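Worth saying up front: this structure is predicted, and the values here are computed from it rather than measured. To find a chain, count down the sequence lines: A is the first, B the second, and so on, and within it residues start at 1. Only heavy atoms go into these numbers, but all of them, side chains included; no hydrogens, no water, no symmetry mates.
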There are 2 protein chains.
Amino acid sequence: MAEMLSSAGYATGMYGKWHLGRTPGRFPTDQGFDEWYGIPNSTDESTYASLDGFAQSGVKETYVLDAVKGQTPKQVRPYRLDYRPLIDRDLTDRAKSFIRKNAKANKPFFVYLPYTATHFPTMPHPVFRGKSGNGPWADLLMQIDSYTGELLDTLEELDIADNTIFIFTADNGPEAVRRDNTNLTTETIINGSSGPWRSTLFTSYEGALRVPFAIRWPNKIKPGRHSDEIVHAMDMLPTLATVAGAEVPQDRPIDGVDVSEFLTGDTNKSGREGFVVYMGDQIFAVKWRNWKLHFKEQSGWDGTLKTYTMPRVYNLFLDPQERNNVLFPHTWVPKAALGQLQEHIVSLKQHPPIPMGAKDPYSPPATK
Amino acid sequence: MAEMLSSAGYATGMYGKWHLGRTPGRFPTDQGFDEWYGIPNSTDESTYASLDGFAQSGVKETYVLDAVKGQTPKQVRPYRLDYRPLIDRDLTDRAKSFIRKNAKANKPFFVYLPYTATHFPTMPHPVFRGKSGNGPWADLLMQIDSYTGELLDTLEELDIADNTIFIFTADNGPEAVRRDNTNLTTETIINGSSGPWRSTLFTSYEGALRVPFAIRWPNKIKPGRHSDEIVHAMDMLPTLATVAGAEVPQDRPIDGVDVSEFLTGDTNKSGREGFVVYMGDQIFAVKWRNWKLHFKEQSGWDGTLKTYTMPRVYNLFLDPQERNNVLFPHTWVPKAALGQLQEHIVSLKQHPPIPMGAKDPYSPPATK
């Protein structure tokens, strides 16, 4: 996305968690971002320095990095528990500065702001600690709401809100770890809720797959509209390409669907009927409209893998908790749902993904 | 309610399921209703005639009854599977006639319309069968929506919508019975969903206790308003008494709270902080604000009763699925929540409820 929008003339800034490679050539500033401030991996690493045995382990500590395109990232400070409550404040401030700088220079910009909250450990900023009256988890939700409001206020203040697309979304469903499963303290417990949907992150259930998605573009996208249509995170690449006048790469298959006409309300259908559900490199399920076929299931992050000899079929409309296999009498559902899986597998054979353990950087073999 | 509103000059009609006594003196037309058409007990009794062994059992079949105040109810027809899909259509038509008759006579009226849907067996009217494309359960939801719309249209047509309070609610959370727990057919499966809340009817969890409640009173109640405040079904008695200029009985304790000012938006607080949760004649739980104390739990209608030696405390705000006992460190919650239980138990001692097996009609002993 950053490479694509950068080519289209956008300034590109990223503030937050990357987690797509921590070696030279794989950082955000090697992948299209002009600048980046944040952490290379996940936020649980902020606890490392405080844990018994880590100091003697030889495992390298994580650093907060500050990077500019074309340069080696600078280590700002170790990512430890003292900075964990503070980092999202800094991410917000840097994003605001970046927006301000580019708005004043009349330069189109793309900001990607993946907050470290609400990941473990649950530690709100001192300004928000205790503010909700419902514990640190709810404090953290208030904090994110408030920071998001600051970003929107910044756009208004710069008088660019009408010409800026603002998306609030997540890359996975909530985490929720029960007190009795861990040695978490009251302060660090992970209290995410997936509402009506089954389970949480690290499963192939709806609780892991469904995420909030709110998009704001005044005078272009109708406010208050909502829909039961399926849209996938990977649809953002071709969609924003259309909106920004950018070009998607032509040298590889693109799994995303351009849903720009759906978002602006010109059509009521998203153009996406379903998708394939992976856990790691294994296909767990296929979703098609309100139906879901499970080939494998794992009930939680530390659950046991169940593999089915015959797929289980759930009707998400009637059974959002994915409890009742209705393969019988709905044996027609696999016939309808599996076309997209077949297409996906054929595509994978034609364009094989990067093999595990491949040398980095990796060049794909020439396409047949 | 019917007695109270009848005394205040209202015409009172009831159409549907009663289930508060099937002996003379206990029917709706003995309890304040001018007329009644419906069934005395639950709708599962409509299956009786089709079940092996019933004919030889000596158990009496249920009849659909048509009744007028002061007269013995007339048996209209046996309540069997042939009539089960049709009855709610008749209930709606009779309610509409009653409304029309009284509106034209300029007589204030109270209609109580407890539909037999969505109870087992799940059999939509032929007009709605297959209409949703999502099976009989969803067809039935469409049917209820449609019938409710007819009632609202009737009020508009008679030009009395602005002076009529319309309440859509339920007396319990959804039923949901898994296919593998019963010998239900695809057509009769009970597919209710309690959304984010735990469990369903026949438990003391939120999935059993939370019900839809929508009230419409144009120019008096602000449209679109919603609230997290607690309101209990039993609050309707004193609330509607205030609105209708009726009087609640003074010779007994009234557990309801007048929430009329809350409904009209004159206050933001309902006046109710919590309530005591019964299953049958046993106290299972106490709810207070967003907290709940469980003394006993039963996970489903055919579950096993668990009794706790120390109450379990759930934070419904952070844990809507009622999974994590947070008595520690929240030992202050029982102190805050148990006042209402103590008050309730003192009141029960002062005004004992009707003992099981008491002669009907029952006269309470004189109050001390």
Side-chain angles (χ1 to χ4, degrees), chain A residues 118 122 132-142 173-182 184-187 189-200 206-207 210 224 228 289-291 300 312-333, chain B residues 118 122 132-142 173-182 184-187 189-200 206-207 210 224 228 289-291 300 312-333:
Chain A
T118 50
T122 304
S132 73
N134 281 301
W137 183 262
D139 293 345
L140 212 51
L141 298 179
M142 281 188 87
E175 281 188 290
V177 179
R178 289 193 211 168
R179 179 182 307 271
D180 52 4
N181 280 353
T182 68
L184 297 176
T185 65
T186 306
E187 293 215 332
I189 198 82
I190 302 171
N191 270 315
S193 164
S194 53
W197 309 108
R198 181 168 181 184
S199 201
T200 47
E206 294 297 289
R210 302 235 185 186
D228 285 336
R289 296 187 187 172
N290 283 321
W291 301 87
R312 290 174 70 89
V313 173
Y314 300 124
N315 180 335
L316 300 174
F317 188 84
L318 295 174
D319 174 28
Q321 284 281 317
E322 296 172 82
R323 300 284 178 188
N324 305 318
N325 178 16
V326 292
L327 175 59
F328 300 101
H330 297 287
T331 45
W332 62 275
V333 173
Chain B
T118 50
T122 303
S132 72
N134 282 301
W137 182 262
D139 294 344
L140 212 53
L141 298 180
M142 279 187 88
E175 279 188 291
V177 179
R178 289 193 211 169
R179 179 182 307 270
D180 53 2
N181 279 353
T182 69
L184 297 176
T185 66
T186 305
E187 293 215 333
I189 197 82
I190 302 171
N191 269 315
S193 164
S194 54
W197 308 108
R198 182 168 181 184
S199 203
T200 48
E206 294 296 289
R210 301 234 186 188
D228 286 335
R289 298 188 185 172
N290 283 321
W291 301 88
R312 288 175 70 90
V313 174
Y314 299 124
N315 179 335
L316 300 174
F317 187 86
L318 295 175
D319 174 28
Q321 284 281 316
E322 296 173 80
R323 299 285 178 187
N324 305 319
N325 178 16
V326 292
L327 175 58
F328 300 101
H330 297 286
T331 45
W332 62 275
V333 172

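Interatomic distance, CZ of Phe317(B) versus OG of Ser132(A), reported as 6.5 Å (0.5 Å rounding).
Side-chain contact between Ser193(B) and Pro320(A) is present, with heavy atoms from C-beta onward closer than 4.5 Å.
For a residue to count as touching a neighbouring chain, one of its non-hydrogen atoms must lie under 4.5 Å from one of that chain's; by this rule Asn134(A) touches chain B with backbone and side chain alike.
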